[in-house]
Amino acid sequence: MATRLAIDGGGPVRTAPFPRWPQWNDDERAALQEVLDSGEWWSIGGRHVEAFAREFAAAHGAAHGVCCTNGSAALEICLRALGIAWGEEVITTAYSFIATANAALLVGAVPRFADVLPDTWNLDPAQVEALITPRTRAIIAVHIGGEPADMDALGRIARAHDLVLIEDAAQAHGAAWRGRRVGALGDMGAFSFQNSKNLTAGEGGLILSNSADWCERCWSVVNVGRKPNGGWYEHVGLASNYRLTEWQAAVLRVQLPRLLAQNAHRQRSAAFLAAGLAQIGGLDVIPGDPRVTDNAYHLLKLRYNPEAFGGRSADEFVRAVHAEGIPIGRGYPAPFGKEAMIRREVSHICERLGLAAPDDGPWPVCTEVCANGLWLLHPALLSQETDLENILAAVAKIKTAWTA
């Protein structure tokens with residue numbers, strides 16, 4: 001007889017918490033105390049914001065970095081630096097956090113949504129190319145879950161059609177595509193340091209580029225339209241204030257040296273779970289692209305097979321596994337193009353310009369991912385193997401109970 005599930009009143013596999021996030025130590029305390037005592041709490045006159053931009057850029061093999069308020073703003077700043085106009089188009093993925101689509105909408109551009117690849121959940125380059133029109137100005141490639149998108153194919157497409165290629169690397173700190181760190185593989189790369197991210201100061205963002213011109217444009221957008229080395233009241237472009245604080249940069253500077261070791265731990269944990277789940281069957285780590293040489297594993301992306309669990313839905317599985325003390329959760333609920341707010345805003349922009357609103361669907365791969373794709377967030381991957389064994393035990397327990 002199968003062991004009684006916790007959701008049915010049985011004892012859970014695990015009651016102890018998984019590693020908490022964020023993590024900190026006396027290095028963060030000392031950095032914050034130093035900023036406090038310095039009296040320089042903003043980037044004008046401070047030293048940490050500029051230093052962190054340089055250090056983060058160097059760690060990712062990029063020539064230039066510009067800090068900003070958060071990752072959502074970083075994407076918007078890239079598009080404002082591009083000078084994209086109302087009604088021009090940005091092609092991106094149907095599967096991402098809302099900020100990816102919002103960045104286009106907030107500058108009056110029309111986001112176009114391409115389907116994703118089943119083995120990565122990243123942009124399908126063939127679908128991207130099919131969406132290009134004379135109004136297309138940019139591609140935003142999202143490195144979902146910390147796994148880089150196909151930057152070879154997307155780079156070729158961008159060059160062939162004279163498009164700007166922007167990386168949404170919000171989840172991909174330290175990730176690498178064929179040995180090169182993400183962030184400057186395209187024209188610009190946007191990072192987030194929001195509380196859940198692999199490198200965090202609660203909030204914060206940064207843009208990388210190998211182009212001094214692109215970074216100067218981004219710097220101007222961040223700094224109320226000023227120009228580098230210009231006058232304090234010399235505003236050459238329409239922009240707002242997107243500056244990062246010294247507090248955040250100081251915390252990020254002491255966390256940056258830990259990043260790659262933490263990512264390596266996450267990679268080992270992901271491999272351990274992939275092997276164990278393959279033995280159980282029915283909940284599989286998606287295989288990924290072999291050209292990815294460093295996966296940041298912000299998310300361990302899992303494909304749930306309802307048939308292997310007695311026909312139970314992904315939502316039922318998540319409720320059951322949570323009851324066992326395991327933090328596997330649902331991902332994004334629907335393709336972007338089905339989001340009512342996005343459809344409304346696209347229609348508004350197109351109506352104002354006398355354009356027909358695009359209809360990009362139906363995104364069959366993304367739809368399946370939204371139905372049966374699950375996530376294990378990165379803090380759990382910082383566990384020891386004995387903790388990871390609890391994850392495997394809970395999955396096996398549920399499968400046995402539902403198929404007995």
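Computed from a predicted structure; not experimentally measured.
- Counting non-hydrogen atoms of neighbouring residues, nucleotides and ligands closer than 6.0 angstrom, the CZ atom of R291 exceeds 12 such neighbours.
- For the residue pair D289/T120, the side-chain donor-acceptor check at 3.5 Å is not satisfied.
- For the residue pair E129/H161, the side-chain donor-acceptor check at 3.5 Å is satisfied.
- Aromatic rings from F336 and F97 are positioned such that their centres are separated by 6.0 Å or more.
- Side chains of Q384 and T386: a donor-acceptor N/O pair is absent below 3.5 angstrom, by distance only.
- Taking every heavy atom of both residues into account, P111 and A109 meet most closely at CD-O, 3.5 Å.
- Using modelled atom types and a 3.5 Å distance limit, the side chains of T245 and Q248 yield a donor-acceptor pair.
- In this structure, a donor-acceptor pair under 3.5 Å is absent between the side chains of N198 and H173.
- A side-chain donor-acceptor contact under 3.5 Å links E28 and Q255.
- Side-chain polar atoms of Q267 and D294 form a donor-acceptor pair below 3.5 angstrom.
- The only option from E55, E246, E40, R253 that meets the side-chain hydrogen bond (donor to acceptor under 3.5 Å, both in side chains) definition with H48 turns out to be R253.
- Using a 4.5 Å cut-off on side-chain heavy atoms (C-beta onward), I328 and L300 make no contact.
- Among all heavy-atom pairs drawn from A394 and E324, the shortest one is CB-CB, 3.9 Å.
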Salt bridge (Lys or Arg N to Asp or Glu O under 4.0 Å) between D213 and R217, intermediate numbers included:
CA-CA 6 Å; D213 181 52; R217 295 189 201 187; 2.9 Å; yes
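- Ion pairing between a basic and an acidic side chain is recognised when a charged N comes within 4.0 Å of a carboxylate O; E34 and R47 show such pairing.
- For the pair R226 and W232, the cation-pi criterion (under 6.0 Å, within 45° of the ring axis) is fulfilled.
- No side-chain donor from either of H143 and Q171 sits under 3.5 Å from a side-chain acceptor of the other.
- Pairs engaging residues 342-361 under the side chain to side chain donor-acceptor pair (under 3.5 Å) rule: R112-D360 [sequence neighbours left out].
- With salt bridges taken as basic N to acidic carboxylate O contacts below 4.0 Å, none links R135 and E88.
- Annotation: cation-pi geometry not satisfied between R180 and W177 (NZ/CZ under 6.0 angstrom from ring centroid, within 45° of ring axis).
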Would you sort out whether R258 and N25 count as a side chain to side chain donor-acceptor pair (under 3.5 Å), showing the intermediate values?
CA-CA 12 Å; R258 307 171 195 159; N25 59 31; 3.1 Å; yes
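- Taking the six-membered ring where the residue is Trp, the centroids of W21 and H378 are separated by under 6.0 Å.
- Paired with K227 under the rule side-chain hydrogen bond (donor to acceptor under 3.5 Å, both in side chains), one option of E234, H235, E216 passes, and it is E234.
- Atom CH2 of W41 is surrounded by 12 or fewer heavy atoms from other residues, nucleotides or ligands within 6.0 Å.
- The minimum heavy-atom distance linking V142 with T92 is given by the pair CG2-OG1, 4.1 Å.
- Tested against Y332, the residues Y95, W121, W363 include a single ring-ring contact (aromatic ring centres under 6.0 Å, His included) partner, Y95.
- By the 6.0 Å contact criterion, CG on D37 is enclosed, its count of non-hydrogen atoms from other residues, nucleotides or ligands being greater than 12.
- Around CG of N229, the count of heavy atoms belonging to other residues, nucleotides or ligands within 6.0 Å does not exceed 12.
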